[in-house]
Number of protein chains: 2
Amino acid sequence: MLPENTRRSLPMALLHAREAVMARFRPMLAAHDVTEQQWRVLRVLSEAGPVEATELAERASVLPPSLTRIIKALEGRKFITRNKAEGDGRRVVLTIAPAGSALIDALSPERRVIYDDIEQRFGHEKLEQLLDLLESLIGGEN
Amino acid sequence: MLPENTRRSLPMALLHAREAVMARFRPMLAAHDVTEQQWRVLRVLSEAGPVEATELAERASVLPPSLTRIIKALEGRKFITRNKAEGDGRRVVLTIAPAGSALIDALSPERRVIYDDIEQRFGHEKLEQLLDLLESLIGGEN
DNA sequence: TTGTTTTAATTAACGCGCTAATTATATGCA
DNA sequence: TGCATATAATTAGCGCGTTAATTAAAACAA
């Protein structure tokens with residue numbers, strides 16, 4: 001059945017929910033001149049070490065064309081370094097640089113506070129339920 | 001607590017979920033050369049009649065600058081008409097045009113099929129649960 | 001080895017999200 | 001009435017999403 005009102009439309013609800021959550025994180029990122037996507041890329045590089053572009057794009061949920069732009073920006077600010085893979089001149093390997101690690105460290109506490117606040121307001125139980133449902137929706141070939 | 005792995009990160013999960021759902025609708029919209037946001041605007045105008053720009057932006061979940069661009073595009077294709085509000089020269093009133101209504105009618109059956117398919121695969125019960133949780137997350141000043 | 005096919009990354013083109021600034025019209029106040 | 005303030009819409013500027021096209025390098029085949 002089609003959703004009669006817009007609020008019960010799944011795409012709309014997901015959009016609003018994401019908007020509501022990101023509104024909490026955006027000021028923090030803006031204060032450090034980092035976009036949401038740049039932040040995701042940095043986090044993946046911080047947690048996973050040197051990674052090839054294709055894998056990085058997947059893990060950070062960014063499309064390849066966007067990643068190219070993000071790499072340029074982050075490299076320009078010395079947050080990451082970019083090298084060709086040895087043995088395959090097509091592949092590119094990205095590595096986090098000291099300035100990048102420093103930014104991660106600087107923002108993590110704030111990030112934790114925001115995340116905790118959301119979890120507390122929304123409820124731990126409900127958050128787990130929501131994450132389970134979302135995971136199922138994503139993974140289930142829906 | 002911070003989410004250890006990316007899959008249990010709420011912003012990421014919402015992003016992926018929305019992406020998974022929209023992937024189903026996108027081909028339909030692309031086939032008719034309508035963007036997702038243009039489609040939302042058309043639907044609101046179709047369901048709510050003539051509406052002022054500010055209200056339209058809210059109901060379609062589109063930012064005012066985006067709405068300006070969308071109006072231009074839709075007006076150019078004769079899907080909507082744009083007039084000044086009588087009594088207040090600042091306000092703009094949008095109305096759906098016959099071609100716009102025709103597009104809505106043409107796409108609605110397809111839309112229903114896709115939505116039904118998602119609901120069937122995911123499960124009616126789970127969909128309702130998910131919508132409830134999302135609604136709570138959005139509305140709860142979280 | 002040479003030519004074809006495949007793969008990785010980039011570029012191109014267009015629209016939207018987002019913030020900030022600007023324009024135009026209304027409203028409020030002295 | 002005249003001026004300051006407030007409001008609605010638009011414009012500007014930048015980055016990302018998305019699809020398609022392009023470039024460069026590797027793998028494969030004759």
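Protein chains get the first letters and strands the later ones, always in sequence-line order, with residue 1 at the start of each.
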Handout entry: Spacing of L15(B) atom CG relative to dC16(D) atom P, expressed in whole Å
Key = 14 Å
Practice task
Indicate yes or no: does R121(B) engage D117(B) in a salt bridge with an N to O separation below 4.0 Å.
Solution key: yes
Exercise for the section: From the options H32(A), R43(A), R77(A), select the one residue that forms a side-chain contact (heavy atoms from CB on, under 4.5 Å) with Q38(A). Expected result: R77(A)
Problem - From OH (Y115(B)) to CD (Q120(B)), nearest 0.5 Å - result: 14.5 Å
For nucleotides 18-24 of chain D, give me every protein contact, N/O to N/O, under 3.5 Å, one pair per line with atom names.
from, atom 1, to, atom 2, distance (Å)
dT18(D), OP1, R26(B), NH2, 3.1

Handout entry: Candidates dC16(C), dA9(D), dC16(D) - which lies nearest the side chain of Q37(A)
Key = dC16(D)
Problem - Rounded distance (Å) that lies between atom C1' of dT6(C) and atom CG of D88(A) - result: 12 Å
Handout entry: Phosphate OP1/OP2 of dC16(D) contacted by T35(A) side-chain N/O (<4.0 Å)
Key = yes
Exercise for the section: Would you mind classifying the nucleic acid contact of Q38(A) as base, sugar-phosphate or nothing, using non-hydrogen atoms under 4.0 angstrom? Expected result: sugar-phosphate
Completion exercise
Separation of dG15(D) atom P from L29(A) atom CG, nearest Å, is 15 Å
Exercise for the section: For M22(A) and dG15(D), give me the distance from atom CE to atom C1', rounded to whole Å. Expected result: 14 Å
Exercise for the section: Grab the CG-P distance between D33(A) and dC14(D) for me, whole Å please. Expected result: 13 Å
Fill in the blank from the handout: Nearest-nucleotide check on DNA chain C, V62(B) vs G87(B); residue mapping nearer the 5' end is V62(B)
Handout entry: Nearest to side-chain heavy atoms of K72(B), which nucleotide of dT11(D), dA9(D), dG17(C)
Key = dT11(D)
Exercise for the section: Select base, sugar-phosphate, or nothing to describe what L67(A) touches, counting heavy atoms under 4.0 Å on all strands. Expected result: nothing
Practice task
Measure from CD1 on I71(A) to C1' on dT11(C) and round the result to the nearest Å.
Solution key: 14 Å
Problem - Pairwise distance CG(L42(B)) to CD(E47(B)) - rounded to 0.5 angstrom - result: 11.0 Å
Exercise for the section: Round to a whole Å and report the spacing from CG of L56(B) to P of dT10(D). Expected result: 11 Å
Problem - Whole angstrom value for the distance that separates C1' of dA9(D) from CZ of R82(B) - result: 8 Å
Practice task
Please list residues of residues 73-81 of chain A whose heavy atoms come under 4.0 Å from any atom in DNA chain C, ordered by number; otherwise none.
Solution key: none
Problem - Residues that R69(B) engages under side-chain hydrogen bond (donor to acceptor under 3.5 Å, both in side chains), provided they are two or more places apart - result: S66(B)
Handout entry: Rounded distance (nearest 0.5 Å) linking atom CD1 of I104(B) with atom CD1 of I96(B)
Key = 5.0 Å
